[in-house]
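Residue numbers begin at 1 in each chain, while the letters A, B, ... track the order of the sequences.
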Amino acid sequence: MLDKTYRPDEVEERQYARWEAADAFSAKLDPAKEPFTVMIPPPNVTGSLHMGHALNNTIQDILVRFQRMQGRDVLWQPGTDHAGIATQMVVERQLAEEGIELDRGLPLARGNSRHIGREEFIERVWAWREESGGTILKQLRRLGATCDWKRERFTMDEGLSEAVLKVFVALYREKLIYRDKRLVNWDPRFHTAISDLEVEQKEVNGLLWHFRYPIGGSGAEGAGRFIIVATTRPETMLGDTAVAVHPEDARYQDLIGAYAVLPLVGRRIPIVADDYADPEQGSGAVKITPAHDFNDFEVGKRHGLEMVNVFDRDAHMNDTVPEAYRGLDRFEARRRVVADLEALGLVEKIDDHRHTVPHGDRSGVPIEPYLTDQWYVDAATMAKPAIEAVETGKTVFVPKQWEKTYFEWMRNIQPWCISRQLWWGHQVPAWYGPDGEVFVAHDAGEAAGLAEAHYGKAVELTRDSDVLDTWFSSALWPFSTLGWPEETEAVKRYYPGDVLVTGFDIIFFWVARMMMSGLHFMDQVPFHTVYIHALVRDEKGQKMSKSKGNVMDPLDLIGKFGADAVRFTLTALAAQGRDVRLAESRIEGYRNFCTKIWNAARFNEMNDCRYAADFDPAANSQRVNRWIVSQLVQVEPKVRRAIEDYRFNEAAQALYQFVWHTYCDWYLEFAKPQLQGEDAAAQAETRATALWVLHQALFLLHPIMPFLTEELWQQTGEGDASLMTLSAWPKFDDGLTDAEADAALNWVVRMIGQIRAVRSEMNVPPGARIALIVNEASGDSRARIGDHEALIKTLARVETLAFDQAVPSGSVQDVLDECTLVLPLAEVIDLAQERARLNKEVDKLNGEITKLDKKLSNAQFLAKAPEEVVAEQRERLADSQQAMSKLQSALERLASA
RNA sequence: GGGCGUAUAGCUCAGCGGGAGAGCGCCUCGUUGACAUCGAGGAGGUCCCUGGUUCAAUCCCAGGUACGCCCACCA
């Protein structure tokens, strides 16, 4: 017996365990089946499940469950990402609580008692990972995700690290990885370089300071002349090595080639002519700090300027600046510089200024352009095949518009800075000789060999201490997880993958880089389709964030409404090209849908509908049964195609409509008289059909709502022996569609709906003696009414139903398609209201008739519109006119009454 | 500055070159043995504006307005 209500909390855990016990999720390496591969976007090992993950993985799970049911050999590859900075932060914070900090050659911070070195730190990270890493993968199970957990990978695993090593060395030898000294985005909080993508531009209210730099040199010297420069970053003036003016700027012609004396520092800095200086901007003169500004860096290179780096890695002032400023934090230095210049009378003015400041996306602090040696990938070269692959359709984006975003970025791609000054990550496989000569190799032994060949003797080597950007290893995910560089069966079978499901925010970070590395090392695109889904926002369209307090926790929602309700909601809202605005009321609505399905199953159970493996719907004789089967058969391709085309919301919509509004609202009502009637054959057929149709619908629902459907299949279907998760998608014979039953019962449905509407609008009391008289109806309609008289009487609460009878006087009539609804006058409560209602109908029809008349009297329309459209419009006009005449006579009767 | 997207019922959103839809909310009625986490019915919309293409435009095109997002940025 089914419980009174569906209890997801009790069912979900049990069913998930059954699936795992049956090994339902594992890739089978089965050569008889066509493979289907989905690579999970590996969540950060530090992460926990948020709504974005819930959407992302619901979609993937729908796809893989659907494909398994289609008979494919599915690999859904799970795993986590070591998330360099994020993880290091987490563990560092934990260590700090124990009074431990990393030995970075700096004194201990207050409150801390000891330093630890790199090795010990890395041990601590692994220990942390053992204990609390990867909780998100456990959370994915609660969502119902059917990843192949036995194949779980971690980007710091031995195998994946091997892939990273091989890729780095290979790219270095192909000169696609190189070392360079240039400005990088430096994060002063984490003391590391970050890539362009990890920099977030934030708009802030700042100030624009205008400084007066005294002109030095023979000519203008002593004349007390100044050149005015403006800056948003006063502290960097300590590193100025020039002032630039536009070569054609008339104001400064005599100063080009002269020099200014840098206040506070006393350095003589040249005044150079460079197009970079915009005469329209401020004074037209601009201070040049080549070591701390990307534009200035270029100017510096053009003019051979000195590059003075004024910061240490904490963004404190270093020893290149005058004593008074050394060791100051950059913001403190700013205040001091401004104050000192003010004291010297060198501040021309200070304006309010709104501008953007680059911030580290993880640290949240302003980043500094900083001159260091780093490792770079020649992304522009690697991007070329990746661009071509999308241009030629080897990989397609869904929705297609994202290809434009991809192209835009890939065609303007900059060198990718891949080295990070962190400890947690893949250490750069480079060793340096005593003179700084670099040897890139797979291991220390190979490096030693290279060094010996270079120097002619054995030398001591020092390994590069940097680690690689986390995304460097993620970029290899589609093949490194399969065992590459080993030539495994899995690599051969599951690469290239089929579809990658991800959010647009990750196109640059990950998708683009997988494309580049996949094409380079595997000669094939890593996936044929990239499905880009929306961002999950709150119901007001705001991005969910902890600071706004509008975060919805998927686990809470699963606890409250069940995983299936959450999954179905996300699916129903996941229309292409639009953000998902998630309101709890929506989930509640779909939780009710779960309940509805459950109750439909209970109805079957209570009516002795028993599962029969050999039931053949084609043998049905009852029209209502042929009808519901026909309706079901028409839903299946809608659902299948919607999933195949990534239109998940349409699949959800079609299923919701069918199960609730066709099966429950109408079919089960139609079935009741047969289930409770005397005709044993009809009863048996209806019992079997009701349950069979429900089961088929459960199969169609299964990829979206796996738990509920599995539970009902177990309880009302084949029982313990069979798992829906391992079963095939239903395949229906075309012969099961039944045009005759469709036409008849769809007509009956409409008729009952209309009678109910009239009853309701006329406020007809429940027991009223309402009659339906059929006079001018066509043969079809007469047959339909005759065949389903009992249903119409019961469901529309009609007392008598008669053919070819005069409408009795003293009654009110209404028009329903081809029939007349008759109601004794005494039963009508409000004649005026009924008159108003009929008049409103007349107005509506009048409008319709006028419109159609006009259209059909337009010669152009008749000449150019397709025949069937013209015919259809004619038919509509005829229908409207007929209805109108009946309405008129109904009104006349009402008037004379 | 460049690119992309969105504008349809009170709200959240589907949809479509030829009769404006759903869910939620709202109103009315309903405790008939699956389900009140329910059933029946209803109200509610110049489909953002202007122009163009077309026999026909909410839909296609152009321009505009508003909002959102991404990328790059002025010292």
Side-chain angles (χ1 to χ4, degrees), chain A residues 2 4-6 196-197 201 208-210 229-233 244 276-278 280-289 293-296 353 355-356 399 401-402 404-405 407-409 412 504-505 507-508 535 537 539-541 543 561 565 569 572-573 575 577-583 585-586 588-607 647 649-650 653 656-657 661 664-665 668-669 672 676 752-753 756-761 763-766 794-797 848 851-852 855 858-866 868-870 872-873 876 879-880:
Chain A
L2 291 169
K4 177 112 172 99
T5 51
Y6 174 53
D196 298 345
L197 285 176
Q201 301 290 341
L208 186 62
W209 288 269
H210 299 256
V229 294
T231 182
T232 56
R233 312 217 30 214
Y276 167 67
D278 178 1
E280 306 294 313
Q281 193 78 33
S283 67
V286 57
K287 69 193 259 317
I288 300 297
T289 321
D293 181 283
F294 289 98
N295 288 312
D296 292 4
H353 188 61
H355 63 132
T356 55
Q401 77 234 22
W402 291 109
K404 189 150 185 169
T405 305
F407 286 139
E408 200 64 34
W409 190 71
N412 297 297
F504 63 82
D505 50 334
I507 292 176
F508 305 147
L535 224 61
R537 299 171 178 278
E539 55 194 310
K540 296 188 194 102
K543 220 167 171 168
F561 300 109
T569 307
L573 293 176
R578 201 186 258 275
D579 285 344
V580 173
R581 293 196 190 191
L582 190 62
S585 61
R586 236 13 226 268
E588 198 180 332
Y590 291 119
R591 187 272 321 268
N592 295 352
F593 182 47
C594 295
T595 308
K596 188 76 182 176
I597 298 168
W598 186 261
N599 279 307
R602 284 183 69 221
F603 174 86
N604 275 269
E605 192 178 53
M606 293 166 89
N607 282 283
R647 291 177 285 113
N649 58 320
E650 289 182 27
Q653 167 89 23
Y656 186 92
Q657 177 68 31
H661 294 124
C664 292
D665 285 351
L668 291 185
E669 294 304 324
K672 278 175 186 172
Q676 288 145 19
I752 293 171
R756 283 170 170 175
V758 172
R759 285 193 73 104
S760 179
E761 282 170 43
N763 283 321
V764 177
T794 312
L795 295 178
R797 284 179 297 169
E848 178 84 3
K851 212 168 105 187
L852 289 167
K855 198 182 253 187
N858 180 346
Q860 293 281 0
F861 172 69
L862 297 176
K864 294 191 178 172
E868 58 273 19
V869 170
V870 176
E872 193 195 321
Q873 304 290 312
R876 269 173 53 200
D879 288 350
S880 300

message: When both hydrogen-bonding distances must be under 3.5 Å and the geometry is Watson-Crick or G-U wobble, what is B/rC48 paired with, if anything?
response: B/rG64
- prompt: What is the nucleic acid contact for A/Asn858, judged by heavy atoms within less than 4.0 Å: base, sugar-phosphate only, or nothing?
  reply: sugar-phosphate
query: Among the nucleotides B/rU37, B/rC73, B/rC24, which one has an atom lying closest to any side-chain atom of A/Ser585?
result: B/rC24
Pairing nucleotide - B/rA75, Watson-Crick or G-U, each distance under 3.5 Å: none
- prompt: Base, sugar-phosphate, or nothing: which does A/Ala757 touch, judged by heavy atoms less than 4.0 Å apart?
  reply: sugar-phosphate
- request: Give one of base, sugar-phosphate or nothing for A/Ala230, where a contact means two heavy atoms less than 4.0 Å apart.
  value: sugar-phosphate
- prompt: Which part of the nucleic acid, if any, lies within reach of A/Asn604 when heavy atoms closer than 4.0 Å are counted: base, sugar-phosphate only, or nothing?
  reply: nothing
message: When you measure from the side chain of A/Asn607 to the backbone of A/Phe603, do you find a donor-acceptor pair of N or O atoms at a distance under 3.5 Å?
response: yes
- prompt: Once you round it to whole Å, what is the distance between P of B/rG17 and CD of A/Glu868?
  reply: 15 Å
- request: Grab the CD-P distance between A/Gln401 and B/rG3 for me, whole Å please.
  value: 16 Å
Distance, P atom - from B/rA7 to B/rC49, rounded to whole angstrom: 13 Å
field: B/rC35 base / A/Lys596 side chain donor-acceptor hit below 3.5 Å
entry: yes
field: Integer-rounded Å distance: B/rG23 P and A/Phe593 CZ
entry: 12 Å
- request: Take atom P in B/rC4 and the same atom in B/rA62, then report the distance between them in whole Å.
  value: 11 Å
task: Using the P atom on both, measure B/rA40 against B/rA56 and round to a whole Å.
output: 42 Å
- prompt: Roughly how far apart, to the nearest Å, are B/rU37 and B/rG5 at atom C1'?
  reply: 37 Å
Base B/rC73 paired with A/Thr356 side chain (donor-acceptor, <3.5 Å): yes
- prompt: Considering only the P atoms, how many Å lie between B/rC11 and B/rC74, rounded to the nearest integer?
  reply: 41 Å
- prompt: Which part of the nucleic acid, if any, lies within contact of A/Arg756, taking any heavy atom under 4.0 Å across all strands shown: a base, the sugar-phosphate backbone alone, or nothing?
  reply: sugar-phosphate
message: Just to be sure I understand the rule, does A/His661 reach a base, reach only the sugar-phosphate, or reach nothing, if contact means heavy atoms closer than 4.0 Å?
response: sugar-phosphate
field: Separation of the C1' atoms in B/rC38 and B/rU54, to the nearest angstrom
entry: 49 Å
query: Mind checking the C1' distance from B/rC47 to B/rA57? Whole angstroms is fine.
result: 11 Å
Watson-Crick or G-U counterpart of B/rC24, or none if no pair lies under 3.5 Å: B/rG10
message: In whole Å, measure the gap between the P atoms of B/rA34 and B/rC48 for me.
response: 46 Å
message: Any side-chain N or O of A/His353 below 4.0 angstrom from OP1/OP2 of B/rA75?
response: yes
task: Report which part of the nucleic acid A/Asn295 touches: base, sugar-phosphate, or nothing (heavy-atom distance under 4.0 Å, all strands).
output: sugar-phosphate
- request: On the 0 to 90° scale, with breaks at 30° and 60°, tag the A/Tyr590-A/Tyr656 ring pair as parallel, tilted or perpendicular.
  value: perpendicular
